[in-house]
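What you see is a predicted model; the values in this text were computed from it and never measured.
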Amino acid sequence: MTQIDSKRRQPLEGNARFFLNLFLVLTGSALVAISYNLFLLPNQIASGGVSGFATIVYNTMGIAPHITLWALNIPLFLVGMLLLGGWKYGGKTIVGTLFLPLVVWLTEDWAPLTSDPLLASLFGGIGVGAGLGLVFRSGASTGGTDLAAQVINKYTGISLGACVFFMDGLIVTLSAFAFSIELALFALIGLFITGKTIDVVQTGLGYDKMAFIITSEEGKVKEAILHDVDRGVTKLQASGGFTDDERPVLMVVVNRNEVALLKRTVQKIDHQAFVVVSNATEVLGRGFKMD
């Protein structure tokens with residue numbers, strides 16, 4: 001097995017975990033707010049959420065975005081506390097709910113970095129997605145439509161994904177009437193990029209690989225993986241779909257640069273082995289990263 005440095009960081013607990021989560025919420029909320037002011041707001045990109053609605057209100061009625069954010073987020077936060085679990089729930093959300101509009105206000109005079117709506121939707125989406133990903137990693141939220149979606153989900157049974165999609169879609173549709181269809185299409189690009197960036201921040205880039213191996217030389221292959229590839233192996237029980245014969249399946253997770261070695265090791269022992277390699281989105285534990 002891969003040797004692990006005895007000084008490797010162990011999972012955080014207690015106060016250390018609290019301060020790390022607080023740092024993630026503050027950093028993520030600030031990144032969302034700054035990306036909003038530098039890219040999305042000045043280019044009228046209303047890519048969903050309460051911030052998208054604030055963009056529409058600002059450009060049509062002249063009300064400052066931070067006022068709209070506070071005016072909507074604070075009531076939603078109170079409703080969330082009342083209906084979704086009291087202070088145990090609200091404690092994870094209040095920091096982002098209050099801090100994000102504050103940073104929007106403090107950075108409202110910063111000059112936009114581009115006037116190109118495509119660049120604004122791309123880089124704004126990346127910035128907002130990265131910030132939200134950090135906030136979500138801490139188990140918190142920035143409020144807004146996420147809270148509304150959770151309330152609707154609890155009392156109607158409609159899935160969270162469907163609720164968020166509906167509300168974001170409604171805001172993008174409103175932006176088509178408030179601005180133009182072209183800007184609404186750019187908003188959809190920003191919304192898509194935001195979602196993908198959140199996934200990357202939360203689960204990584206998928207550099208690790210998971211392999212399933214079916215071989216008649218199960219014992220030899222297992223020993224070779226343990227000693228030559230230096231990775232652990234999990235033995236799964238399976239049966240053939242055509243013959244119903246029982247046969248073991250070996251599962252092993254390796255780094256991307258170990259895939260070639262794994263395949264060579266298996267084929268050297270059994271050139272007829274059946275090997276399936278797929279992406280492992282996130283791997284935690286011995287030999288890989290610790291959460």
Is there a donor-acceptor pair under 3.5 Å between the side chain of [X] and the backbone N or O of [Y]?
X      : Y      : result
Asp168 : Gly49  : yes
His227 : Glu223 : yes
Thr68  : Ala54  : no
Ser29  : Leu26  : no
Arg231 : Val252 : no
Asn43  : Ile45  : no

Is there a side-chain contact between [X] and [Y] in this structure, where contact means two heavy atoms from C-beta onward sitting under 4.5 Å apart?
X      : Y      : value
Ile225 : Ile213 : yes
Leu72  : Phe53  : yes
Leu69  : Val104 : yes
Leu185 : Leu188 : yes
Val233 : Met251 : no
Pro65  : Leu41  : yes
Ile198 : Phe136 : yes
Ile56  : Phe179 : yes

Audit row: Val32, Leu132, side chain to side chain contact (heavy atoms under 4.5 Å, CB included) steps and yes/no: CA-CA 7 Å; Val32 171; Leu132 289 176; 4.0 Å; yes
Shortest non-hydrogen separation from Ser121 to Leu40 and the atoms involved: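 For Ser121 versus Leu40, the nearest heavy atoms are CA-CD2, 4.5 Å.
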Residue pairs fulfilling ring pair (Phe, Tyr, Trp, His ring centres under 6.0 Å) with at least one residue in residues 96-134, sequence neighbours excluded: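 Ring pair (Phe, Tyr, Trp, His ring centres under 6.0 Å) check on residues 96-134 returns His66-Trp105.
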Salt-bridge present (Glu218, Arg247; N to O < 4.0 Å):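 Salt bridge between Glu218 and Arg247, a charged N being under 4.0 Å from a carboxylate O: no.
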side-chain hydrogen bond (donor to acceptor under 3.5 Å, both in side chains) against Asn73, all qualifying residues, sequence neighbours excluded: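 Partners of Asn73 by the side-chain hydrogen bond (donor to acceptor under 3.5 Å, both in side chains) criterion come out as none, since no residue qualifies.
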Partner residues of Thr55 under the side-chain hydrogen bond (donor to acceptor under 3.5 Å, both in side chains) criterion, sequence neighbours left out: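 With neighbours one apart ignored, the set is Tyr36.
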